[in-house]
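Below is one structure, written out as structure tokens, with a few remarks after it.
Position 1 is the first residue of the sequence; numbering continues from there.
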Amino acid sequence: MQSDRAQEVEKTGEFANAATSDKVIAKPSDVCCLSGTIHEGEPRGITTTVAGVETYVVEPPKDKANGNILLYFPDVWGFFNNGFLIMDGFADAGYLTLGLDYFRGDPVWKHRNNREDTTTEPGFDYEAWKKKHMAFSKDAVPKWVKEVKEKYGKADTKFACVGYCYGAPYVCDELSSSGICTAGAFAHPAFLNESHFFNLSKPLFLSCAEIDHTFPNEFRNRAVDIMQAEKKVFQVQIFQGVEHGFALRGNVENGYERYTKEQSLKGIAEWFDFWLSKDAATGAKL
């Protein structure tokens with residue numbers, strides 16, 4: 001028997017669909033997204049151009065390569081050392097990893113060093129910046145995904161995808177019936193509507209911060225309610241005490257923040273390992 005809460009979720013979902021309503025469930029990136037620390041390390045990938053967009057490509061070690069491809073959708077910091085090192089981490093887990101620079105060399109850190117910064121570029125209009133890049137990304141991402149598949153994929157290649165903050169909607173798109181990915185994940189998401197969760201047809205891993213201005217408790221709970229009521233395949237990982245950005249821009253000098261960052265990547269990689277493996281055929285029904 002369904003719980004009262006589950007029944008209410010189904011009613012809400014039916015009403016939303018009938019009324020063509022699509023409520024926000026993860027807010028747009030805000031000033032909190034401008035904070036973070038730069039991590040040390042030497043990226044080992046290369047940059048090339050795919051579908052007219054600069055793309056970071058990093059290959060897995062030959063002894064770990066699993067033949068699968070991971071699509072990486074960046075947060076508002078775009079191409080920077082932390083993102084490259086995260087992509088290297090997924091490559092170390094066996095995935096040929098590609099990430100695109102949909103900010104075209106104009107990441108937010110060129111305008112603001114942190115949320116209190118007003119001197120790097122006085123008068124910087126963050127809202128206009130987001131609007132400009134969102135328009136480009138909406139058009140560029142599908143073309144980029146298509147060319148990645150054509151250029152790097154083979155007949156038996158499986159695809160996974162991961163997105164941070166700004167990149168979360170593109171993960172959900174690739175997990176819909178029209179997407180190419182077998183499984184996906186995001187961390188501290190932004191720019192999501194209820195339809196992103198209603199339209200899921202592939203497994204989703206959610207790596208979440210307890211303190212998150214874009215995906216607060218009530219929004220996260222609503223997302224889970226939708227996925228439960230709609231019988232989606234998902235897993236939620238929540239880290240107490242950390243904030244939006246922990247999985248990519250946390251302070252690695254702090255032992256706990258470093259732990260949460262590493263566990264986020266590890267959990268996502270293991271999620272992909274299962275769902276892209278033959279063992280997944282005996283798992284949950286999709």
Side-chain angles (χ1 to χ4, degrees), residues 26 29-45 56 58 60-61 64 70-95 97-101 103 107-109 112-115 160-168 170-171 183-192 204-217 220 223 234-274:
S29 303
D30 207 340
V31 290
C32 188
C33 301
L34 305 182
S35 63
T37 58
I38 302 299
H39 303 160
E40 294 183 358
E42 188 67 31
R44 61 182 181 82
Y56 182 80
V58 56
K64 294 183 179 180
L70 175 66
L71 309 178
Y72 175 92
F73 300 113
D75 76 339
V76 295
W77 283 51
F79 273 14
F80 75 126
N81 208 56
N82 298 22
F84 294 143
L85 295 176
I86 287 289
M87 285 188 270
D88 288 359
F90 285 116
D92 289 340
Y95 296 86
T97 303
L98 298 94
L100 79 165
D101 180 18
F103 303 115
V108 76
W109 55 263
R112 287 287 185 271
N113 290 325
N114 55 60
R115 73 181 81 176
C161 57
V162 64
Y164 294 81
C165 183
Y166 182 99
Y170 307 110
V171 168
F186 58 57
H188 35 82
F191 296 101
L192 293 176
L204 173 66
F205 185 97
L206 300 80
S207 187
C208 305
E210 177 193 21
I211 307 163
D212 195 333
H213 66 291
T214 67
F215 202 47
N217 289 346
R220 185 178 67 243
F234 69 97
Q235 179 177 333
V236 179
Q237 176 190 62
I238 306 173
F239 292 101
Q240 181 273 337
V242 294
E243 300 184 5
H244 182 97
F246 78 95
L248 191 60
R249 293 176 272 107
N251 179 11
V252 294
E253 297 302 315
N254 177 297
Y256 178 64
E257 289 191 32
R258 184 185 187 98
Y259 168 80
T260 61
K261 168 188 169 293
E262 292 175 347
Q263 288 300 306
S264 175
L265 191 152
K266 181 175 182 286
I268 292 170
E270 290 178 347
W271 178 255
F272 295 155
D273 289 346
F274 175 74

Heavy atoms only: give me the nearest Ala91-Pro61 pair and the separation to one decimal. O-CD, 3.5 Å
Relative to each other, are the rings of Tyr256 and Tyr259 parallel, tilted or perpendicular (30° and 60° limits)? parallel
Does any non-hydrogen side-chain atom of Arg249 lie less than 4.5 Å from one of His244? yes
Take the angle between the ring planes of Phe186 and Phe215 and call it parallel below 30°, perpendicular above 60°, tilted in between. perpendicular
Should Phe90 and Val162 count as side-chain neighbours, where that means a heavy-atom distance under 4.5 Å? yes
For residues Ala187 and Ser264, report the shortest heavy-atom separation together with the two atoms involved. CB-OG, 4.5 Å
Within-4.5 Å side-chain heavy-atom neighbours: Arg44 and Asp92: yes
Is the shortest heavy-atom distance from the side chain of Tyr56 to the side chain of Leu98 under 4.5 Å? no
What pair of heavy atoms forms the shortest contact from Ser207 to Gln237, and how long is it? OG-OE1, 2.6 Å
Below 4.5 Å, heavy atoms only, C-beta onward: do Phe80 and Asp75 meet side chain to side chain? yes
Classify the angle between the aromatic ring planes of Tyr72 and Tyr164 as parallel (below 30°), tilted (30 to 60°) or perpendicular (above 60°). tilted
Salt-bridged, Arg220 to Asp212, with N to O below 4.0 Å? no
Measuring from atom CE of Met87 to atom CG of Asn82, what distance do you get when rounded to the nearest 0.5 angstrom? 10.5 Å
Can a donor-acceptor pair be found, under 3.5 Å and without considering hydrogens, that links the side chain of Asn81 to the backbone of Gly41? yes
When you look at Phe73 and Cys161, which way does the side-chain contact (heavy atoms from CB on, under 4.5 Å) test go after all the steps? CA-CA 8 Å; Phe73 300 113; Cys161 57; 3.9 Å; yes
Distance check, rounded to the nearest 0.5 Å: Ile86 atom CD1 versus Leu265 atom CG? 5.0 Å
Do Pro74 and Asp101 have side chains that get closer than 4.5 Å, going by heavy atoms? no
So do the side chains of Glu257 and Phe246 get within less than 4.5 Å of each other, counting heavy atoms only? no
Would Lys266 and Glu262 pass as an ion pair if we require N to O under 4.0 Å? no
Identified side chain to side chain contact (heavy atoms under 4.5 Å, CB included) counterpart of Leu70 within the set Ile268, Thr97, Val58: Thr97
Parallel, tilted or perpendicular: ring planes of Tyr95 versus Phe272, cut at 30 and 60 degrees: perpendicular
Please state whether the rings of Trp271 and Phe205 are parallel, tilted or perpendicular, taking 30° and 60° as the class boundaries. tilted
Straight-line distance of Thr260 OG1 to Ile238 CD1, nearest 0.5 Å: 13.5 Å
Could you tell me whether the side chain of Glu243 and the main chain of Ile211 form a donor-acceptor pair under 3.5 Å? no
